[in-house]
Amino acid sequence: MLRKVHRWIGLVLMLPLMLQGLTGALLILIPLLLPGPPATGEAGPHAGAEAMIAASRASAPQGMIPLRFDPPATGQSAIVTYGPPGERHPTFEVFVNPVHPAVMGTYIIPAGIRFLHNLHADLLLLPYGQNATGIMGVLVTAMALTGLVLWWPPAALWQSGKWRRTIMVSPRARGRRLWREMHVSLGFWLSGMLLFMAVSGSILAFPFMRPLFGAGRPATPHVHATPGIPGEAGVDAALEALKTRMPEARLLSVQLGQGPAQQSLEVVLPAYGANRPASLHYDARADSLRLTRDPGQQRGGERSFQWLHMMHEARLVAPHPVAIIWKTAVLLCGTGVIFFSLSGGAMWVLRRRDAARRQTHITQA
């Protein structure tokens, strides 16, 4: 019964699983191939952030506003990202020389990345896609568990140590046996990652899970643009206040918008590390710098949801070697899902072919 359940769930989900594995792998690979900020080749004090953002506006597409400012790393340009008003995801990047504010280049963020993300998250089945993806995650969890039960060797193999042969592919395997041994051995090695990705994917997909974990979506205030006041107005004062009052904080980016009220400083605080960034807002009138997202005030559910989201999307930052290993593991899991679909389908086809041949031989006899 377990074998039939495992087989038929796999056949029903074969195409959706291939899409999930392919889109997940591409969402990891494509950002690694995108161009980074160019080197400036100049040394000297940096100009203010407002001057860099103002210099970038001349190269921005019409109708778009600055959404984020990424401060320059040593010897590299700053990045100003643009998008339509009210949009959270940028579509255009401008590279600016931080020493003498001038545009060094531009880059159009491929629209395919957003398409791949939507396809991976909801299979383009809105408004039911998120629930469909969540249900698929539950079924994949069931497949991973039943696969482990079906693989589990008897006591005699455990005692003799021959169970190790079940997680390797025999060089003499051919045909359906070869597909089966590859399917079983890869399933063993990727079972832990597959379980984690399936469970975390379900939690992230089901709409009711976010409030259940107490992780509400951050509210973005609607601000009417004031004529003559750009969205980056006051950023220099905010950065100066950050430098003076919180010198231990490391600036990651400045979130911008249609008005100064939408500004937000994304920083890393030593007490929480790079994987738990904080957000601050500077009020110029009150001359106050306050935390709008404080990692220390997060509840356990909210923190767990944040970690699941970060690990599922392979956005772990530190420590760097662990982040690289984890990203590679997630990539292998995505490609493994594609192989599981192909090998499962191949075994089913070969099994039916062999059954048809046996039936033909019986009939002829």
Using side-chain heavy atoms (C-beta onward) and a distance below 4.5 Å, is [X] in contact with [Y]?
X	Y	answer
L332	M193	no
F69	I79	no
L316	N275	yes
M18	V337	no
V96	S77	no
F305	I203	yes
Q263	Q255	no
P90	I109	yes

Consider only side-chain N and O atoms of [X] and [Y], and report whether a donor and an acceptor are under 3.5 Å apart.
X	Y	answer
Q76	T74	no
S264	Q262	no
Q306	Q298	yes
D122	Y128	no
H281	R290	no

What do you reckon, is [atom1] of [X] surrounded by more than 12 foreign heavy atoms closer than 6.0 Å?
X	atom1	value
R293	CZ	yes
R114	CZ	yes
R299	CZ	no

Once you round to the nearest 0.5 Å, how far does [atom1] of [X] lie from [atom2] of [Y]?
X	Y	atom1	atom2	answer
L15	L13	CG	CG	10.0 Å
L148	H6	CG	NE2	9.5 Å
E266	R250	CD	CZ	12.5 Å
M182	R177	CE	CZ	12.0 Å
L252	L265	CG	CG	10.5 Å
L178	S170	CG	OG	9.0 Å

I135 reachable from L123 in the ILVMFWY side-chain graph, under 4.5 Å edges: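 Yes.
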Aromatic plane relationship, F188 with W151 - under 30° parallel, 30 to 60° tilted, over 60° perpendicular: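 Plane angle between 30° and 60°, so tilted.
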May I ask you to say whether [X] pairs ionically with [Y], meaning some side-chain N is under 4.0 Å from a carboxylate O?
X	Y	value
R57	E232	yes
R176	D354	yes
R276	D294	no

Ring centre gap for W179 and W348 strictly below 6.0 Å: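 No, they do not, as the ring centres are separated by 6.0 Å or more.
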F213 ring center near W307 ring center (under 6.0 Å):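 No - the distance between ring centres of F213 and W307 does not fall below the 6.0 Å cut-off.
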Sequence-distant partners of D70, salt bridge (charged side-chain N to carboxylate O under 4.0 Å, His left out), two or more places apart: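 For D70, the residues satisfying salt bridge (charged side-chain N to carboxylate O under 4.0 Å, His left out) (neighbours in sequence not counted) are R68.
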Residue of the set T244, D236, L242 for which side-chain contact (heavy atoms from CB on, under 4.5 Å) holds with E240: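 Of the listed options, the one satisfying the test is T244.
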